J.: 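So that we are looking at the same thing, I have put the structure below in structure tokens.
Keep in mind that this is a model prediction, so the values were computed, not measured. Counting starts at 1 for both ligands and their atoms, in listed order.
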Amino acid sequence: MKRSAIYRFGDSVFDFNARTYVMGILNVTPDSFSDGGRYQDPGRAFERAAEMADQGADVLDIGGESTRPGADPVTPEEEIRRIVPVIDRIAHELKVVVSVDTYKREVARRALDAGAVIVNDITALSDPGMKDVVAAAKASLVLMHMQGTPKTMQMSPEYLNVVGEVKGFLKRQAAVAAEAGISQIVIDPGIGFGKKLDHNIALMRHLDSFVDLGYPILVGPSRKSFLGAILDLPPEERMEGTAAAVTACILNGAAMIRVHDVREMKRVAMVADKIRAAS
Ligand code: HH2
């Protein structure tokens, strides 16, 4: 079924047929794999948010718990303490759509009250109360695929058919979300979440096979370890690799990219969009 490619996030209209949208990453955490520890202070987090908005971010995704491989979970109270003041200020002072990166219903509820309009759930509704929180707030939902949990997901991820299994999972979870009354759903294959190098590559190479589910596709390859595995470089030197992955994903149907390097990836997306649109 072909669904509308036009989504409304608060006052902002996103036409996913027209271009690829950029989601900037803001981790208000001590331990995220790339920007951990840099934006724990709410003032610095806001400055970084303003900088990304200025660089052309359409959405800012605010997270308060690292989900890098091996990370320990934090309590909802701690996550709320980290992110709610930052979300509140960004939502009131910047002209950007705010997304909250959480899989916990209490955190989502507080973030939505503070001005977030998208819940980015990396567990695609593992918390059974999440769908009702999102539906009640008339918010939008990102459903991401992960095999296992961040603590254990990279130990030995296995698939018989990674593209088919991830697609089937996202289709089922999108149906659950739609049934709960959530009308704006975005799907994400979850690059790096319980996936080996070849799994990540297959998902990006065959991203076009998710298009017929009818939902905008988000991908988050930014600075991830599959790039480190290919290039043998640390996270801060993976920008060119990120650009290559972003381009491939856009040509294969991505509607939104989740990135650290907003200014650079916005430029990459503009060029990739031109090539995608050409006849
Ligand atoms: N990746 C990360 C976190 N959230 N959400 C979606 N929808 N897609 C992703 O690929 C994704 C995500 C991991 O990256 P990051 O936020 O940079 O690091 P950390 O989890 O260490 O905070």
J.: Could you check whether any side-chain heavy atom of Pro216 comes within less than 4.5 Å of a side-chain heavy atom of Met256, counting everything from C-beta outward?
T.: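 Not in contact.
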J.: In this structure, does ligand 1 have an atom that sits under 4.0 Å from one of the heavy atoms of Thr29?
T.: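 Under 4.0 Å: no for Thr29.
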J.: Side chains of Asn120 and Tyr103: does their closest heavy-atom pair fall under 4.5 Å?
T.: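 Not in contact.
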J.: For atom 20 (O) of ligand 1, what's the nearest protein heavy-atom neighbour? Residue, atom name and distance, please.
T.: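 Nearest neighbour among protein heavy atoms for atom 20 (O) of ligand 1, to 0.1 Å: Thr67 OG1, 2.6 Å.
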J.: Whether the side chain of Arg105 engages the backbone of Asp127 through a donor-acceptor N/O pair (distance < 3.5 Å, no angle test) should be reported.
T.: no
J.: Which of the numbered atoms in ligand 1 are below 4.0 angstrom from a heavy atom of Asn27?
T.: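 Taking each heavy atom of Asn27 in turn, ligand 1 has 15 (P), 16 (O), 17 (O), 18 (O), 22 (O) under 4.0 Å.
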J.: How far is atom 22 (O) of ligand 1 from its nearest protein heavy atom, and which residue and atom name does that atom have?
T.: Ser32 OG, 2.5 Å
J.: N/O to N/O below 3.5 Å, does that happen between Ile25 and ligand 1?
T.: no
J.: Considering Met144, Arg68, Lys224, which one's heavy-atom position lies nearest to atom 1 (N) of ligand 1?
T.: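 That would be Lys224.
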J.: With no hydrogens and no angle check, is any side-chain donor or acceptor of Asp273 less than 3.5 Å from a backbone partner on Thr20?
T.: yes
J.: Enumerate the ring pair (Phe, Tyr, Trp, His ring centres under 6.0 Å) contacts for residues 139-161, please, sequence neighbours excluded, ordered by first and then second residue.
T.: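 Every ring pair (Phe, Tyr, Trp, His ring centres under 6.0 Å) pair that includes a residue of residues 139-161, provided the two are not neighbours, is His145-Phe169, Tyr159-His199.
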J.: For Asn161, does its backbone N or O pair with a side-chain atom of Glu165 as donor and acceptor, under 3.5 Å?
T.: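 Pair found, side chain donor or acceptor close to backbone of Asn161.
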J.: Taking N or O atoms only and a 3.5 Å limit, does Asp61 qualify as a polar contact for ligand 1?
T.: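 Min N/O separation from ligand 1 is not below 3.5 Å for Asp61.
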J.: Does Asp31 reach ligand 1 with a nitrogen or oxygen that is under 3.5 Å from one of the ligand's nitrogen or oxygen atoms?
T.: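 No; every N/O pair is 3.5 Å or more apart.
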J.: To the closest 0.5 Å, what do you measure between CD1 (Ile275) and CG (Leu251)?
T.: 6.0 Å
J.: Is a side-chain N or O of Lys171 found less than 3.5 angstrom from the main chain of Leu213, in a donor-acceptor match?
T.: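 Flag not set: sc Lys171 to bb Leu213 has no pair under 3.5 Å.
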J.: Assess, by modelled atom type and distance only, whether the side chains of Gln40 and Thr29 contain a donor and an acceptor separated by less than 3.5 Å.
T.: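 No, Thr29 and Gln40 have no side-chain donor paired with an acceptor closer than 3.5 Å.
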J.: For atom 4 (N) of ligand 1, what's the nearest protein heavy-atom neighbour? Residue, atom name and distance, please.
T.: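 Of every protein heavy atom, Asp101 OD2, 2.9 Å lies nearest to atom 4 (N) of ligand 1.
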J.: Under 4.0 Å, heavy-atom basis, I'd like to know which part of Asp188 is in contact with ligand 1: side chain, backbone, both or neither.
T.: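 The part of Asp188 near ligand 1 is the side chain, not the backbone.
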J.: Please identify which atoms of ligand 1 are closer than 4.0 Å to at least one heavy atom of Phe33.
T.: 14 (O), 15 (P), 17 (O), 18 (O), 21 (O)
J.: For the residue pair Tyr21 and Phe14, is the inter-centroid distance of their aromatic rings smaller than 6.0 Å?
T.: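 That pair passes the under 6.0 Å test.
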J.: What are the atoms of ligand 1, with element, lying closer than 4.0 Å to any heavy atom of Ile122?
T.: 4 (N), 5 (N), 12 (C)
J.: Distance to 0.1 Å, residue and atom name: give those for the protein heavy atom nearest to atom 16 (O) of ligand 1.
T.: Arg258 NH2, 2.9 Å
J.: What atoms of ligand 1 come within less than 4.0 Å of a heavy atom belonging to Leu218?
T.: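 Ligand 1 atoms under the 4.0 Å threshold to Leu218: 7 (N).
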J.: I want to know if ligand 1 touches Ser66 in the polar sense, i.e. an N/O pair below 3.5 angstrom.
T.: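 Yes.
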J.: Give a yes/no on ligand 1: does His260 have at least one heavy atom closer than 4.0 angstrom to it?
T.: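 Flag set, His260 near ligand 1.
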J.: Using the rule given for side chain to side chain donor-acceptor pair (under 3.5 Å), can you reason through Asp208 versus Asn252, listing the C-alpha separation, both sets of side-chain angles and the distance that settles it, and then say yes or no?
T.: CA-CA 5 Å; Asp208 55 343; Asn252 286 337; 5.5 Å; no
J.: At less than 4.0 angstrom from any non-hydrogen atom of Gly220, what atoms of ligand 1 do you find?
T.: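 Result: 10 (O).
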J.: Students should be able to answer this: which protein heavy-atom is nearest to atom 5 (N) of ligand 1, and at what distance?
T.: Asn120 ND2, 3.0 Å
